[in-house]
Amino acid sequence: HKMGHGDSLAGKPGKESDVSRSIQVEAGDDMRFSHETFNIKDGETIKFIVTNQGAMPHEFSIGTKDEHLTHGKMMMANPNMHHGPGGASITIKPGETEALIWSFEKAREVEAACNIPGHYQAGMHSPVMFVK
């Protein structure tokens, strides 16, 4: 299980002092994230400010597709798993806003996703595009 353990192809948790910019994200019960296109430069540290507009909990998790598949299987086994600050995933309760700071260093094949059972499968994931 690589999510949040520092050896991900997606990068690693970032520090507030290194944040290059913030991106607002809305999570909804339509199983979609609403946000500007994630155009990230290598080495950038982004603060994702995620607001849950829905009536059910959602997750915002940074990882590769393979990591999300692995994480999703863990979530199926532990559907009430809660993710706090400081890792690759945060859980956002209905009506609440949480932040995830992520440092994209030599990252590739990255997406943001909700791994609550059924949410990823319903389309709740967004690609991260890397730009020069």
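Values in this document were obtained by computation on a predicted structure and should not be read as measured data. The first residue of the sequence shown is numbered 1, and numbering continues consecutively from there.
M124 CE to D30 CG: the interatomic distance, rounded to the nearest 0.5 Å, is 7.5 Å. Once rounded to the nearest 0.5 Å, the distance linking OG1 of T51 with CD of E98 reads 9.5 Å. Expressed to the nearest 0.5 Å, how far NE2 of H68 lies from SG of C114 amounts to 10.0 Å. Considering OG1 of T70 and CE of M74, their distance stands at 9.0 Å, rounded to 0.5 Å.
Contact record, S61 with S89: OG-OG, 2.7 Å, taken as the closest heavy-atom pair. Across all non-hydrogen atoms, the minimal contact from F38 to A112 is CE1-CB, 3.9 Å.
Shown here are the side-chain hydrogen bond (donor to acceptor under 3.5 Å, both in side chains) partners of S20, two or more places apart in sequence or in another chain: there are none. Legend: residues meeting side chain to side chain contact (heavy atoms under 4.5 Å, CB included) with N39, ordered by chain and number and at least two apart, are T37, M129, V131. Annotation: side-chain hydrogen bond (donor to acceptor under 3.5 Å, both in side chains) contacts of E26 (sequence neighbours excluded): Q53. A search for salt bridge (charged side-chain N to carboxylate O under 4.0 Å, His left out) contacts involving K15 returns D18, not counting sequence neighbours. When the side chain to side chain contact (heavy atoms under 4.5 Å, CB included) test is applied to M56, the partners found at least two apart in sequence or on another chain are D29, M31, H58, H119. Partners of A10 under the side chain to side chain contact (heavy atoms under 4.5 Å, CB included) rule, at least two apart in sequence or in another chain, are S8, I62, E67, W102, V110. By the side chain to side chain contact (heavy atoms under 4.5 Å, CB included) test, Q24 pairs with I49, sequence neighbours left out.
For residues 37-48, every residue pair satisfying the salt bridge (Lys or Arg N to Asp or Glu O under 4.0 Å) rule, not counting sequence neighbours, is listed here: E16-K47, R21-E44. Screening residues 120-132 for side chain to side chain donor-acceptor pair (under 3.5 Å) gives H35-S126, K65-Y120, E111-Y120 as the qualifying pairs, with residues at least two apart or on separate chains. For the salt bridge (Lys or Arg N to Asp or Glu O under 4.0 Å) condition, no pair includes a residue of residues 113-124, sequence neighbours left out.
Shown are N115, T91, N52; of these, the side-chain hydrogen bond (donor to acceptor under 3.5 Å, both in side chains) with E59 is made only by N115.
In the hydrophobic clustering, where aliphatic and aromatic side chains (Ile, Leu, Val, Met, Phe, Trp, Tyr) are joined below 4.5 Å either directly or transitively, I101 groups with V19.
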For this session: Check the pair I40 / I23 against side chain to side chain contact (heavy atoms under 4.5 Å, CB included), numbers first and verdict last.
Result: CA-CA 11 Å; I40 312 287; I23 297 177; 4.3 Å; yes
